[in-house]
Amino acid sequence: MIEKITINNLLPEVFSDEKGEPRIVKSDVWLRHLTFEKPLSYLIFAESGTGKSSLCAFLYGNRRDYEGSILFDGHDVRAYDPDKWSQLRRMALAYLPQQLSLFPELSAIDNVLIKNRLTDYYSEADIRRMFEQLSIDNRADSLAGHLSIGQQQRVAIIRALAQPFDFLLLDEPVSHLDARNNEVVAQMITSHAESRHASIIATSVGNHLSIDSYKILRL
């Protein structure tokens, strides 16, 4: 449903001064013309406070407090209504937010199954195998709020993958994982993206996802 995402002179509104003039930003992303294309993968390195979570939220349509434009296959997303965004989030855009946004009162696997019911993309057996691949199958039926942050991050990764997508937006996907789990997660993410002929856009402030990337950008 989406072949390419183009940003033109994009900048969070908070990066403008009191006169509405943009502050000087040295960035490969902000105030640039940039295109993300399927099935290429992109790593975006950033320091805290440079807007990496804002970028993901802009691309996912959660926030509109930006200057410039975002185009999906040449169409400005500011014209999209809620129904259009809902359709895109079910079928074209998958998102792992930095804050994970799991329901702590539900089991780990129910957090994924709720998402999966939107498209029935996987069976429960498929999802349990994904838990096993990430070595959290023994916690699948535990409350998400009782899991460690690293375990929660792996649950949220599985949840993000439990749908069709053209672009997978990952905001610090391995920030709480050690090197071994980083490699396992990276292999799973790469495999799922390749099977969908999809693009990965992953951000990092330090520990970055171990994938082969077409382009490395800096905020």
Trainee: Roughly how far, to the nearest 0.5 Å, is NE2 of His208 from CD1 of Ile44?
Mentor: 13.5 Å
Trainee: With rounding to the nearest 0.5 angstrom, report the OG to CG distance, Ser204 to Leu219.
Mentor: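 The CG atom of Leu219 is 11.0 Å from OG of Ser204, to the nearest 0.5 Å.
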Trainee: Any donor and acceptor pair, going by atom type alone, linking the side chain of Arg90 with main-chain N or O of Pro164 inside 3.5 Å?
Mentor: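 Side chain of Arg90 to backbone of Pro164: no pair is present.
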Trainee: Among side-chain atoms of Thr35 and Thr6, is any donor-acceptor pair under 3.5 angstrom?
Mentor: yes
Trainee: Determine whether a donor-acceptor pair (N or O, by modelled atom type, separation under 3.5 Å) exists between the side chain of Gln151 and the backbone of Ser148.
Mentor: yes
Trainee: Are the side chains of Ile158 and Ile136 in touch, meaning some heavy atoms are under 4.5 Å apart?
Mentor: yes
Trainee: Measuring from atom CG of Leu161 to atom CG of Leu168, what distance do you get when rounded to the nearest 0.5 angstrom?
Mentor: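 One gets 6.0 Å once the value is rounded to the nearest 0.5 Å.
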Trainee: Can a donor-acceptor pair be found between the side chains of Arg63 and Ser54 at a distance below 3.5 Å?
Mentor: yes
Trainee: Looking at every heavy atom in both Phe103 and Ala144, which two are closest together, and how far apart are they?
Mentor: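 That closest heavy-atom pairing would be O-CB, 3.6 Å.
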Trainee: If I compare all heavy atoms of Lys4 with all of Glu37, which pair ends up nearest, and what's the gap?
Mentor: CB-CG, 4.1 Å
Trainee: Rounded to the nearest 0.5 Å, what separates atom CG in Leu177 from atom CZ in Arg154?
Mentor: 6.0 Å
Trainee: If you compare all heavy atoms of Val174 against all heavy atoms of Val185, which two are closest, and at what distance to 0.1 Å?
Mentor: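 Nearest pair, atom of Val174 first, then Val185: CG1-CG1, 4.1 Å.
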Trainee: Which distance, rounded to the nearest 0.5 Å, do you find between the CZ of Arg139 and the CD of Gln152?
Mentor: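 CD of Gln152 is found 10.0 Å from CZ of Arg139.
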Trainee: Would a distance-only check, ignoring hydrogens and angles, find a side-chain to backbone donor-acceptor pair under 3.5 Å from Ser199 to Leu40?
Mentor: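 It does hold such a pair.
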Trainee: Go through Glu67 and Phe15 one step at a time and tell me if the side chain to side chain contact (heavy atoms under 4.5 Å, CB included) criterion holds.
Mentor: CA-CA 10 Å; Glu67 301 166 6; Phe15 284 8; over 6 Å; no
Trainee: Please say yes or no: joined through hydrophobic side-chain contacts below 4.5 Å, possibly via intermediate residues, are Ile7 and Val14 part of one cluster?
Mentor: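 Linked within one cluster.
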Trainee: Is the backbone of Ser210 close enough, under 3.5 Å, to the side chain of Asn182 for a donor and an acceptor to pair up by distance?
Mentor: yes
Trainee: Should the pair Asp28-Arg218 be classified as a salt bridge under the 4.0 Å nitrogen-to-oxygen rule?
Mentor: no
Trainee: Is Met1 linked to Phe72 within one hydrophobic cluster, defined over Ile, Leu, Val, Met, Phe, Trp and Tyr using a side-chain heavy-atom separation of less than 4.5 Å?
Mentor: yes
Trainee: Counting C-beta onward and ignoring hydrogens, is there a side-chain heavy-atom pair between Leu59 and Ile5 closer than 4.5 Å?
Mentor: yes
Trainee: Test your reading of the model: is there a side-chain donor-acceptor pair from Thr203 to the backbone of Lys52, 3.5 Å cut-off?
Mentor: no
Trainee: Under 3.5 Å, side chain of Trp30 to main-chain N/O of Thr50, donor-acceptor pair present?
Mentor: yes
Trainee: Can any side-chain N or O of Thr190 pair as donor or acceptor with the backbone N or O of Ala186 at less than 3.5 Å?
Mentor: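 Answer holds: yes.
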Trainee: Report yes if some heavy atom in the side chain of Tyr95 is under 4.5 Å from a heavy atom in the side chain of Asn62; otherwise report no.
Mentor: yes
Trainee: Decide yes or no for Asn9 and His33: does some side-chain heavy atom of the first lie under 4.5 Å from some side-chain heavy atom of the second?
Mentor: no
Trainee: Do Ile127 and Leu113 come within less than 4.5 Å of each other through their side chains, counting heavy atoms only?
Mentor: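 Yes, side chains in contact.
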Trainee: If you take all heavy atoms of Leu170 and Ile200, which pair is closest and at what distance?
Mentor: CD1-CG2, 3.9 Å
Trainee: Output, in order, the C-alpha distance, side-chain angles, deciding distance and verdict of side chain to side chain contact (heavy atoms under 4.5 Å, CB included) for Gln163 and Met91.
Mentor: CA-CA 7 Å; Gln163 67 167 94; Met91 305 301 296; over 6 Å; no
Trainee: Check whether Leu93 and Ile157 end up in the same hydrophobic cluster, where Ile, Leu, Val, Met, Phe, Trp and Tyr are linked by side-chain heavy atoms less than 4.5 Å apart.
Mentor: no
Trainee: Are Arg129 and Asp126 close enough, and set up right, to give a salt bridge (Lys or Arg N to Asp or Glu O under 4.0 Å), and what steps lead you there?
Mentor: CA-CA 5 Å; Arg129 279 191 290 271; Asp126 291 331; 2.4 Å; yes
Trainee: Considering non-hydrogen atoms only, spot the tightest contact between Leu169 and Cys56 and give its length.
Mentor: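 Heavy-atom minimum between the residues: CD1-O, 3.9 Å.
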Trainee: Quick one: do Ile114 and Tyr60 end up in the same hydrophobic cluster if we chain Ile, Leu, Val, Met, Phe, Trp and Tyr together by side-chain heavy atoms under 4.5 Å apart?
Mentor: no
Trainee: Is it the case that the side chain of Arg78 and the backbone of Ser69 share a donor-acceptor pair, with hydrogens and angles ignored and the cut-off at 3.5 Å?
Mentor: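 No.
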Trainee: Does CG in Asp212 sit with more than 12 non-hydrogen atoms of other residues, nucleotides or ligands closer than 6.0 Å?
Mentor: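 Not buried by this count: 12 neighbours or fewer within 6.0 Å.
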Trainee: Would you say Asn8's side chain and Gly68's backbone share a donor-acceptor pair under 3.5 angstrom?
Mentor: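 It does not hold such a pair.
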Trainee: For a quick test of reading the model, state the closest non-hydrogen atom pair linking Ala162 to Thr119 and the distance between them.
Mentor: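 Where Ala162 meets Thr119 most closely, the heavy atoms are O-OG1, 4.2 Å.
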Trainee: Measure the shortest side-chain to side-chain distance between Arg128 and Ile109 over non-hydrogen atoms and say whether it is less than 4.5 angstrom.
Mentor: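 SC-SC contact between Arg128 and Ile109 confirmed.
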Trainee: Mind checking whether Tyr66 and Phe58 have parallel, tilted or perpendicular rings, split at 30° and 60°?
Mentor: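 The arrangement is tilted - the two ring planes meet at 30° to 60°.
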Trainee: Would you say the side chain of Tyr122 lies within less than 4.5 Å of the side chain of Val112, judging by non-hydrogen atoms?
Mentor: no
Trainee: To the nearest 0.5 Å, what is the distance between CG on Leu102 and CG on Asn111?
Mentor: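 Leu102 atom CG to Asn111 atom CG measures 4.5 Å (nearest 0.5 Å).
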Trainee: For atom CD of Glu47, is the number of surrounding heavy atoms from other residues, nucleotides or ligands below 6.0 Å larger than 12?
Mentor: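 No, CD of Glu47 has 12 or fewer neighbouring heavy atoms, counting only those of other groups under 6.0 Å.
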Trainee: Answer whether the closest heavy-atom distance between the side chains of Leu100 and Gln153 falls below 4.5 Å.
Mentor: yes
Trainee: If you measure only the distance, is there a donor-acceptor pair under 3.5 Å linking the side chains of Ser53 and Asp171?
Mentor: yes
Trainee: Given the rule in the side chain to side chain contact (heavy atoms under 4.5 Å, CB included) test, do Ile211 and Ser41 qualify, once you have shown the distances and angles that lead to the verdict?
Mentor: CA-CA 8 Å; Ile211 61 172; Ser41 296; 4.0 Å; yes
Trainee: Mark yes or no for whether Asp81, through its side chain, and Lys84, through its backbone, hold a donor-acceptor pair below 3.5 Å.
Mentor: yes
Trainee: Do Leu10 and Phe45 land in one hydrophobic cluster if side-chain heavy atoms of ILVMFWY residues count as linked below 4.5 Å?
Mentor: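 Shared cluster, no.
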